[in-house]
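Below you'll find the structure, written out as structure tokens, and then a few comments.
No hydrogens, no waters, no symmetry mates; every other heavy atom, side chains included, goes into these values.
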Amino acid sequence: MKLLNFYFILFCFVQLHAQPKTIKTPDSVIPWNASLQLKWIDFEGTANKNLFGRALTSYKIDVIPENVLVDEDDNIQGYERLTVQARFYKKQSWTTTKVNSILAHEQLHFDIAELFARKIRQRFMDLKKGNQRKFSAYWEAYSLFWKQCRIYQKRFDAETNHGRNTNASIIWAERISGELNLLQAFE
């Protein structure tokens, strides 16, 4: 029961900080968009000297809209509108370089976030088609794909040596692009 209460509070917190598509996104946040690529000027944060690397992409997969409520029976009111959006956070993203290959690597991190946002949207659509109203079902799907996203991101960094391995980076760029195309219906 305590775990369920924790998830309820966490979900409400996410909802309070998430924004519906109809509300303007703050200038410090960039929603993923196939026609937009990150630029170095988007990296407005201060470099963290304690972290490895020459750049850091801060992203989240946010649950939207904010006005979805969960009742005491774990039912989501307005579950039909529930979705997610991959977002880049300018103020938390930083760089100490202007090397284009590193920028391309950081863009791929953001693209991976969108890839998993699409997987979550696909699962949410399946849940909605089944008239699933239970918060726990959506939370379970979100949590599963968020965990998979983090694993995928780490594997991407490891296999490309944080973008230093050009051949591996090319392979990964093609892989990510291909996977995004397979899930284009959930953009």
What do the steps show when you test His109 against Tyr59 for ring pair (Phe, Tyr, Trp, His ring centres under 6.0 Å), and what is the final call?
-> CA-CA 8 Å; His109 277 295; Tyr59 66 87; 7.3 Å; no

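- Side chains of Gln107 and Asp111: a donor on one and an acceptor on the other come within 3.5 Å.
- Note: Phe116 and Phe145 have tilted aromatic rings, judged against thresholds of 30 and 60 degrees for the angle between ring planes.
- When only modelled atom types and interatomic distance are considered, Glu179 and Tyr152 share a side-chain donor-acceptor pair under 3.5 Å.
- Using modelled atom types, one finds no donor on one side chain facing an acceptor on the other under 3.5 Å when comparing Gln92 with Ser58.
- The aromatic rings of Phe88 and Phe43 sit perpendicular, their planes meeting at an angle over 60°, well past the 30° parallel limit.
- Salt-bridge check for Asp74 with Lys134: failed, with every basic side-chain N at 4.0 Å or more from each acidic carboxylate O.
- Residues Phe124 and Ala141 come closest through the heavy atom pair CE1-CB, 4.2 Å.
- Below 30°, between 30° and 60°, or above 60°: for Tyr142 and Trp139 the angle between ring planes is below 30°, a parallel geometry.
- Checked for salt-bridge contact, Lys91 and Glu44 meet the test: a charged N lies under 4.0 Å from a carboxylate O.
- In this structure, a donor-acceptor pair under 3.5 Å is absent between the side chains of Trp32 and Gln85.
- Glu159 and Asn165 share no donor-acceptor pair across their side chains, judged by distance under 3.5 Å alone.
- The one candidate from Lys60, Arg87, Arg121 that meets the salt bridge (charged side-chain N to carboxylate O under 4.0 Å, His left out) condition with Glu114 is Arg121.
- Counting only distance, with no hydrogens or angles, the side chain of Asp42 and the backbone of Lys39 share a donor-acceptor pair below 3.5 Å.
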